[in-house]
Amino acid sequence: MDLTYKQEVGVGALVLAGLVLFVVGLFWFSGRSIGHKGVSVDVVFDNALGLKAGDPVLTSGVKVGRVAKVNLGESVGRVVVTLELSGDLRIRPRSGATASISSLDFFGNKVIDYWPGAATDTLLPANMNIRGINPEELMAKLSGVATRASTLLGNATGLVNDQLATDIHNTLIATQRGMAALTDATKGPLVNQSTQTLVSLQRVMSRLDTLLGNANVKATGLRVDTLTANLQRLTGQLAQSTETLNQLMTKINRGEGTLGKLATDSTMYHDLHETLTALSKLLDDLRERPGRYVTVKIF
């Protein structure tokens with residue numbers, strides 16, 4: 001008898017434990033909480049768009065609560081949605097708080113995009129509701145932004161006339177050509193020649209360093225001094241020769257000496273001209289009357 005009673009108590013305890021686990025699991029999978037310690041706030045929408053209790057509430061893509069209730073308000077076109085938010089102070093609703101309904105997936109599940117407001121805003125009083133933003137209002141705002149952007153682009157297009165656009169295009173082309181020319185200049189023959197010159201100069205400096213670093217620097221200095229003295233004498237002789245040549249050219253310009261008379265006297269030119277003229281006449285006469293000068297006798 002006692003054993004049977006213990007078995008019945010054990011079976012009852014197991015049934016109660018299973019029931020408790022079932023209820024806890026049901027609340028868990030439905031998104032409900034048994035004891036809520038956070039903040040509840042009401043959001044008023046014009047249309048719930050299929051939102052239901054248990055749908056998540058997201059802030060910056062992070063789940064911060066759930067939808068507790070969705071009730072029709074005093075009139076059609078007014079839906080009161082109660083949100084249960086966590087106790088995090090950062091998501092406490094403030095005067096600038098907003099909420100909107102978005103689609104969670106392709107199966108029709110919904111989600112609340114909740115924004116608690118700026119940190120500088122005052123906390124929302126307990127009797128105040130958050131005005132929800134319906135997708136229609138959001139699309140209207142986006143449409144207005146698009147319209148203003150289109151108007152701005154139209155004004156910008158009007159400011160940029162055809163001539164200005166052509167000038168800008170030509171300027172860009174000229175800039176591109178200038179950059180190409182600069183790029184080619186860094187690879188041109190002038191740069192290569194300069195590089196070769198610098199390499200040659202480096203070789204000469206290396207040889208000069210080798211020469212100066214030679215142990216017989218004194219003998220090298222004497223040879224350099226001798227070479228310098230010879231160059232000075234050669235320069236003096238060239239100066240004397242240049243002076244003599246200048247004097248000779250001065251005499252020729254003055255008509256002194258044989259070369260001077262040939263350069264300045266025109267008598268020789270006239271004599272040669274008359275001689276050539278007489279010779280030309282003689283050749284013409286010989287061509288016309290050869291018998292006067294050449295006699296041929298046949299025996």
Side-chain angles (χ1 to χ4, degrees), residues 156 159-297:
L159 291 176
V160 181
N161 53 17
D162 295 338
Q163 183 62 35
L164 181 58
T166 303
D167 295 340
I168 294 174
H169 179 69
N170 294 334
T171 303
L172 291 176
I173 292 177
T175 304
Q176 185 178 5
R177 291 178 179 174
M179 295 299 294
L182 289 176
T183 303
D184 295 337
T186 58
K187 303 177 182 179
L190 181 60
V191 176
N192 295 331
Q193 186 176 0
S194 301
T195 304
Q196 295 176 1
T197 303
L198 291 175
V199 172
S200 301
L201 181 59
Q202 185 177 5
R203 292 177 182 174
V204 171
M205 294 301 295
S206 300
R207 293 178 182 176
L208 183 60
D209 292 338
T210 304
L211 179 62
L212 293 176
N214 192 1
N216 195 8
V217 177
K218 184 176 180 179
T220 304
L222 292 176
R223 289 196 296 270
V224 172
D225 293 338
T226 304
L227 179 61
T228 303
N230 293 332
L231 288 175
Q232 290 178 353
R233 286 195 294 270
L234 178 61
T235 303
Q237 292 176 0
L238 289 175
Q240 293 178 359
S241 300
T242 303
E243 182 64 24
T244 303
L245 183 60
N246 289 333
Q247 293 177 0
L248 179 60
M249 293 301 296
T250 302
K251 290 181 180 180
I252 291 174
N253 291 331
R254 293 177 181 176
E256 298 177 359
T258 304
L259 293 177
K261 291 179 179 180
L262 288 176
T264 56
D265 191 2
S266 61
T267 303
M268 183 177 180
Y269 168 75
H270 292 294
D271 293 341
L272 288 175
H273 182 69
E274 291 178 357
T275 301
L276 290 174
T277 302
L279 181 60
S280 178
K281 292 180 180 180
L282 177 61
L283 290 175
D284 292 336
D285 187 62
L286 180 62
R287 190 181 301 109
E288 294 176 357
R289 294 181 290 274
R292 181 183 297 179
Y293 303 99
V294 179
T295 303
V296 179
K297 294 182 179 182

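Bear in mind the structure is a predicted one, so any value in this text is a computation, not a measurement.
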**Message:** Rounded to the nearest 0.5 Å, what separates atom CG in Asn246 from atom OG in Ser241?
**Reply:** 10.5 Å

**Asked** Can you tell me if CD on Gln247 sees more than 12 non-hydrogen neighbours from other groups inside 6.0 Å?
**Response** yes

**Message:** To the nearest 0.5 Å, what is the distance between CD on Glu288 and CG on Leu283?
**Reply:** 11.5 Å

**Message:** Run the salt bridge (Lys or Arg N to Asp or Glu O under 4.0 Å) test on Lys281 and Asp284 for me, step by step, so that the C-alpha distance in whole Å, both residues' side-chain angles and the decisive distance to 0.1 Å come before the verdict.
**Reply:** CA-CA 5 Å; Lys281 292 180 180 180; Asp284 292 336; over 6 Å; no

**Nearest-0.5 Å distance, CG of residue Leu238 to CG of residue Leu231** = 10.5 Å

